Amino acid sequence: MLVAEAKRIEVDLGLSHFKEANEQVRAALAQADEVVVASANAQRYLGCALAAGKRLEIHGTPGNDMGCYMDGGAIEVFGNGQDQVGNTMNGGTIVIHGRCGDAAGYGLRGGTILVRGDCGWRAGIHMKQYEQKRPAIVIGGDAGAFLGEYMAGGAIVLGGRAGSYVASGMHGGIIYLRHPLAAEEVPEGVVQSPLGEEDKGLLAGLLAAYNGAFGREGPSLDGADEGWWCLRPASARPYGGLYAS
Amino acid sequence: MAGRHLHREGTIRIPSGCAIAAMMDRTGGRHDGTDILRSIALMRDRSNGLGGGFAAYGIYPDYAELYAFHVMYESREARAATEAYLEHYYLSEKQERVPTEDHPAIKNPPDVWRYFMAPHPMRLPASGLTEAEYTMRHVFHINSSIDGAFVASSGKDMGVFKGVGYPEDIGEFYRIGDYGAWAWTAHGRFPTNTPGWWGGAHPFTLLNWSIVHNGEISSYDANRRYVEQFGYDCELQTDTEVITYLFDLLARRHGLSQEMAAHIMTAPSWQAIDAMAPDQAAFETALRTVYSSALVNGPFSIILGSEEGLLALNDRLKLRALMAAEKGPMVYLASEQAAIEVVCPDAEHMRSIEGGVPFVVQLDEVARRRQREAAESCAVREQPRDHEVGVRPCRRKEA
């Protein structure tokens, strides 16, 4: 463990098992607010339950469930994320300077996930919101199929193209799309429309966060005022009559 | 050995995840097993030590024209019975113990032998079967009728090294670093529905086919009933077995390309077909109608190995992860991206295998040849059917 400066510690995980790797990272986080993982190689659960005020900078490829249950901390990955980034995350920020795998933001409850490139299938599956907890995912590239599946709250912003079955079973929240869906791709119970005035503020804030994180690395996401579409459920309880009438 | 008294595939069902990986040199260049071992070892936590294995293509160039049987034995009697049987139906060029190395983590291994053989020059023609069909039937016979013997692989210029343990330990046990192959596949097992035993570990093989599989298919019984009609014995009751037989049936016997076979197994939904142009919709409808029982449902990602190369396939809803990347002539596949980077840090074009879209990697020479040969590339009815011009009763197609 190298103490580079008082508040910043660097750890090298190499090929260590996730159990030892996470112990090493947690020990470093106990000593410093900022920990740099010099090389991650598929170690799972990095940044699990990371608390507010703590920051993890990861180089290499972190394993599945990175930032799971994260509680207000910050993770920045210089590389790609694997599957289930931010699983059931409660708050904080994850920034990925690459692509990420399937089910990013699985059951997301709060906080923000920013992905510069593409994401796999089922990003934002079953993300939700409650009162002030309004999670968000911003994806700069293309998304795999089933984006926002069973989405119950929060916001997803997609800069690239969506795969098929967008918003299947969506019953809350909002999905902002740079490229509108063809009419037949909009699932039953979901409505696609141009942005309303009330939608612009939230989108502008998320685009600013994305551009702030990746500003110099590639094309920025612009134009909260025009050129964006949104998907939202047609009613408050679109599936209310599905199993009981 | 003790394994005889344990539950086996087919006698018990346990409701699990797995790791799969593969690498291939499209130019046919041979690479030892060091890299595939490191790749699968990184995903150790996806398996639980109850099964691991490797398939290797191009490892027996000196015997490339002969069937290379890898056979596991629990007893001397089983070996004696199997060798007597093989001697009757094959001419053996060479037989020997597969070299292994004692490994602290590998307990009670069976006695593993390999045989390089040609079908008996009289009995093969007398059987009226093709060479492949002949061999398949003898493999089925040994696996179902000789107690304590299991044919782990039965292809040409390829072999499978598998057993109960973590894959990296199994690989060291079999000394896979000593073999040079143009394609390697690997599997780390977390058995779900069946117990782990040596024969049931992956890759599962038949002839030149090998399959490593992560997932659990829900269409098992529909697929099993279908392939059983064509003489495939689903002895192990595993998903992997039935998927192997589906590929053998569709690609080898029906002459379809592997890609088309994979497409049939992950056919588009009726909803997607309804949205297609009429010609394409009619084609897809015909495929789904003729091969309705070959549709594979449920979560799976598989890597198929053959003499042509590799084919990776994810279920239509992509309920399993599988990544692919390239570097020069090398193609890499793995359940997790890091398992590719650990052996090729500068791998290019890292992407995921999409649901229901076969990812095909062929040897350069095969790619050109197969394009012309695949049944669906040939004009329909170039020649009249036998029964239209013949004067004798129809014989079985295989005759």
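Labels below follow one simple rule: chain letters A, B, ... track the order of the sequence lines, proteins then strands, and each chain is numbered from 1. Basis for what follows: all heavy atoms, side chains included, without hydrogens, waters or symmetry-related copies. Only a predicted model underlies this, so the values are computations on that prediction, with no experimental measurement involved.
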**Prompt:** For Asp102(A), is it the side chain, the backbone, both or neither that has a heavy atom under 4.5 Å from a heavy atom of chain B?
**Reply:** side chain

**Prompt:** Between Glu336(B) (side chain) and Gln82(A) (backbone), is there a donor-acceptor pair under 3.5 Å?
**Reply:** no

**Asked** Would you say Arg122(A)'s side chain and Lys318(B)'s backbone share a donor-acceptor pair under 3.5 angstrom?
**Response** yes

Should we count [atom1] of [X] as having more than 12 external heavy atoms under 6.0 Å?
| X | atom1 | result |
| --- | --- | --- |
| Asp279(B) | CG | no |
| Arg109(A) | CZ | no |
| Asp102(B) | CG | no |
| Tyr106(A) | OH | no |
| Tyr150(A) | OH | no |
| Glu188(A) | CD | no |

**Prompt:** Do Asn64(A) and Arg46(B) have side-chain heavy atoms sitting under 4.5 Å apart?
**Reply:** yes

**Contact summary for Trp121(A) and Gly355(B), nearest pair of heavy atoms** =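 Between these two residues, the closest heavy atoms are CZ2-N, 3.4 Å.
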
**Request:** Looking only at non-hydrogen atoms, find the nearest pair between Ala338(B) and Asn41(A) and report the distance.
**Result:**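 Scanning both residues, the minimum pair turns out to be CB-C, 4.1 Å.
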
Is [X] close to chain A through its backbone or its side chain, or both, or neither, when contacts mean heavy atoms under 4.5 Å?
| X | value |
| --- | --- |
| Met323(B) | side chain |
| Gln337(B) | both |
| Arg38(B) | neither |

**Message:** Please report the interatomic distance CZ(Phe146(A)) to CG(Leu317(B)), rounded to the nearest 0.5 Å.
**Reply:**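 It comes to 5.0 Å.
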
**Prompt:** Quick one: OG on Ser39(A) to CD on Glu341(B), what's the gap to the nearest 0.5 Å?
**Reply:**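 Reported value, rounded in 0.5 Å steps: 11.5 Å.
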
**Request:** Could you tell me which of Gln43(A), Arg99(A), Glu184(A) has the largest number of non-hydrogen atom pairs under 4.5 Å with chain B?
**Result:** Arg99(A)

**Request:** Please lay out, stage by stage, how Arg351(B) and Asp118(A) fare under the test side-chain contact (heavy atoms from CB on, under 4.5 Å).
**Result:** CA-CA 9 Å; Arg351(B) 71 271 203 197; Asp118(A) 301 338; over 6 Å; no

